[in-house]
2 protein chains.
Amino acid sequence: MAVTLKDIAEQAGVSQAAVSIALGSSGRISGTTRDRILKIATDLGYRPNLLVQGIQTGRTQTIGLLMNFASAFDAHLFDGIHNALSDQQYVPIVLCRDDDHGNVLEQIHSLLDRRVDGVLIRPTDGTVWEDHLEAILQRGVPVVALDVEIQAKMPQIDFCGTDDIHGAHTAAKHLLDLGHRRFGVLNSGDPRTPMSIRGQAFAEAVNATKGTTCVTQLSAWNGRTYENDGARALLDLTPRPTAIFGTSDNVAATVVHAADDRGLSVPDDLSVVGFSDTEILRSSRPTLTTMRQDPFEIGRRAAKMLLDRIDEKHNRTASPAPRQAVRQKTELVVRKSTAPPAGS
Amino acid sequence: MAVTLKDIAEQAGVSQAAVSIALGSSGRISGTTRDRILKIATDLGYRPNLLVQGIQTGRTQTIGLLMNFASAFDAHLFDGIHNALSDQQYVPIVLCRDDDHGNVLEQIHSLLDRRVDGVLIRPTDGTVWEDHLEAILQRGVPVVALDVEIQAKMPQIDFCGTDDIHGAHTAAKHLLDLGHRRFGVLNSGDPRTPMSIRGQAFAEAVNATKGTTCVTQLSAWNGRTYENDGARALLDLTPRPTAIFGTSDNVAATVVHAADDRGLSVPDDLSVVGFSDTEILRSSRPTLTTMRQDPFEIGRRAAKMLLDRIDEKHNRTASPAPRQAVRQKTELVVRKSTAPPAGS
DNA sequence: CTGAAAGCGCTTACAG
DNA sequence: CTGAAAGCGCTTACAG
């Protein structure tokens, strides 16, 4: 069906090996025959079979991507990854946590069986990644963690994500500078997630100032949205916090809504800070003060790190570079949801 | 490195072909040796090389997926696809429109070169898909269109999406029943998109009732969010519409915001209906009346249709089934953004 | 019922 | 500088 090297070889009157070499980069074939072969290949619409090349060269130009999609943040992460990959003719096989078939190990094997050159993984949910990653590392397949750092900082696994601690400190400073002293933090469950890291860093930062209080609440994630319960609990405190740090824009939005339900005005009665600067919330009322992340750039950078590792593995020149952990800085975006506390 | 059939054959003292047959389904090997071979395979941790199997059998257990991610709707679409695929040990190579590398044809070749068994495609943006799809169809690779129907209804391309016309009619009926007669429709650019189809169907439905007016406006999509300009233009009409149909939840949200900016109350001064029932907007204020879609089910169904076509192709029993076009019904969800017009 | 051989479409040593 | 051969790890006719 498809055109093969053999077809070209027959038309050109040379061996199949000669065609393979002519089409390859290692200019081993004289200019004139080479041009002739190339022309025939083009005319016939030749396309290499990447499966065979993969077997032969040990490179499939394919990576595995393990991540879930829920928000616009995730979408941008993917766009960045896709952008870096397509620059180098790579494509991703994308697998996500599936409630019915939660077997991560099987997914990893599914990637390995297809001989992916590397794996990009966003290690969310409670999975014990350290165990599952064994299979990948044994095969010598590079792995990069995306957005969420793997708890046991394995020396073979690079990381690319956000400087959550710095971001949370900046948010804390913003609110402290405005004069706030009673804080609430709205967090999510898993201690490994960026959200938790932010929440802890925020609490540390405000606690370093005398005369402050800071109460942390958890917000339940039902798989699709956050519940309002955590936000309500914070607003029911006596005395009520004057400022609440939402560890993501989405939980921050639940605070705004809960305040609205109680007739509290943001920012007059309550200041709210989010984290991410997701576009979808840019039109929220009031507009949200937040720490801007650049998920596209995180995705792009992470994919590049992975591609570099893959190259490194094939050009066995020097010894491999040490583990890299890139943490991108966030930027404070002040909008209408923060103000000095009432009566200050 | 990896365990091969040869390794197993040596340990078992049989030929490599025997191992291949023993591991396959066609019980051609006697029970006792077969069990022995299976045990050795398990002990050695044998995993088949799917690249080789792909070359050999013509099936890679891999499909190509061409779609962009932006909203939660897209994420659910993907979840549904993933769910159906993983049921059958399939994985998707996911490619999306990339502003810098917009060459769809190259992406298609990139999939074909990797010998995907089928392609699932969401034919958004202005691309002339009919042309690009040639390359796929020539190879005999099945294609299913997802969510957006390809304009020229090619007989080889199945479709799975939403019954937009029925949904728009239902929305129109809801507002007409409430007593509205002056309508606005907020739409998006491309006439092939579901949004446009909904807008037209809505206008038709209300125009079928005497004494109604219906003005359509376009809302600009800046690649990440919708601008408010279209919504403002509708609110500036004299007389102002009493009800606006947003052809997606996101544009409906811009209407609510624009109304808010003008001090108009929803639903007292203005009724707004959305389309999709995206979770992220369930917490909007006021909560939005909308036509609920089930993107998970659309994705799942579309992927199943594709897998069926792939099977059909390999089990050349009967002649192929005719083109299928599945349009899922939507459900009207009445919330707080719709009410009878003022003064009625 | 089982083994030896051919073949899938390439690349890469190895001879001339 | 070029051709013929071997090999990647499988599956599937084809002989015994």
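Both backbone and side-chain heavy atoms feed into the values below; hydrogens, waters and symmetry mates do not.
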Nearest whole angstrom, please: distance from the [atom2] of [N] to the [atom1] of [X].
| X | N | atom1 | atom2 | result |
| --- | --- | --- | --- | --- |
| A/Gln56 | D/dG9 | CD | C1' | 11 Å |
| B/Arg115 | C/dC8 | CZ | C1' | 11 Å |
| B/Ile21 | C/dA5 | CD1 | P | 15 Å |
| B/Leu5 | D/dG7 | CG | C1' | 15 Å |
| A/Ile8 | C/dG9 | CD1 | P | 13 Å |
| B/Asp113 | C/dG9 | CG | C1' | 13 Å |
| B/Arg47 | D/dC10 | CZ | P | 12 Å |
| A/Ile55 | D/dG7 | CD1 | P | 16 Å |

Under-4.0 Å side-chain N/O to phosphate OP1/OP2 contact, [X] with [N]:
| X | N | answer |
| --- | --- | --- |
| B/Tyr46 | D/dG9 | no |
| B/Gln16 | D/dG9 | no |
| A/Ser20 | C/dT11 | yes |

- Measure across A/Ala2 and A/Asp7 and return the closest heavy-atom pair with its distance rounded to 0.1 Å. O-OD2, 3.9 Å
- Under 30°, 30 to 60°, or over 60°: which ring-plane class applies to A/Phe69 and B/Phe69, parallel, tilted or perpendicular?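 Rings of A/Phe69 and B/Phe69: parallel, under 30°.
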- Taking NZ, NE, NH1 and NH2 as the nitrogens, is one of them in A/Asp158 or A/Arg301 under 4.0 Å from a carboxylate oxygen of the other?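 No salt bridge links A/Asp158 with A/Arg301.
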- Task: Scan side-chain atoms only and decide if B/Thr62 and B/Arg114 contain a donor-acceptor pair under the 3.5 Å cut-off.
- Result: no
- Between C/dT11, D/dA4, C/dG9, spot the one nearest the side chain of A/Ser15, thanks. D/dA4
- Note on the structure: Of the listed D/dT12, D/dC10, C/dG9, the closest approach to the B/Thr57 side chain comes from D/dT12
- Item | Complementary nucleotide of D/dT2, counting Watson-Crick and G-U pairs under 3.5 Å | C/dA15
- Message: Could you tell me if the side chain of A/Asp147 sits less than 4.5 Å from the side chain of A/Met67, heavy atoms only?
- Response: no
- Considering heavy-atom distances to DNA chain C, does B/Val14 or A/Gln53 have its closest nucleotide positioned more toward the 5' end? B/Val14
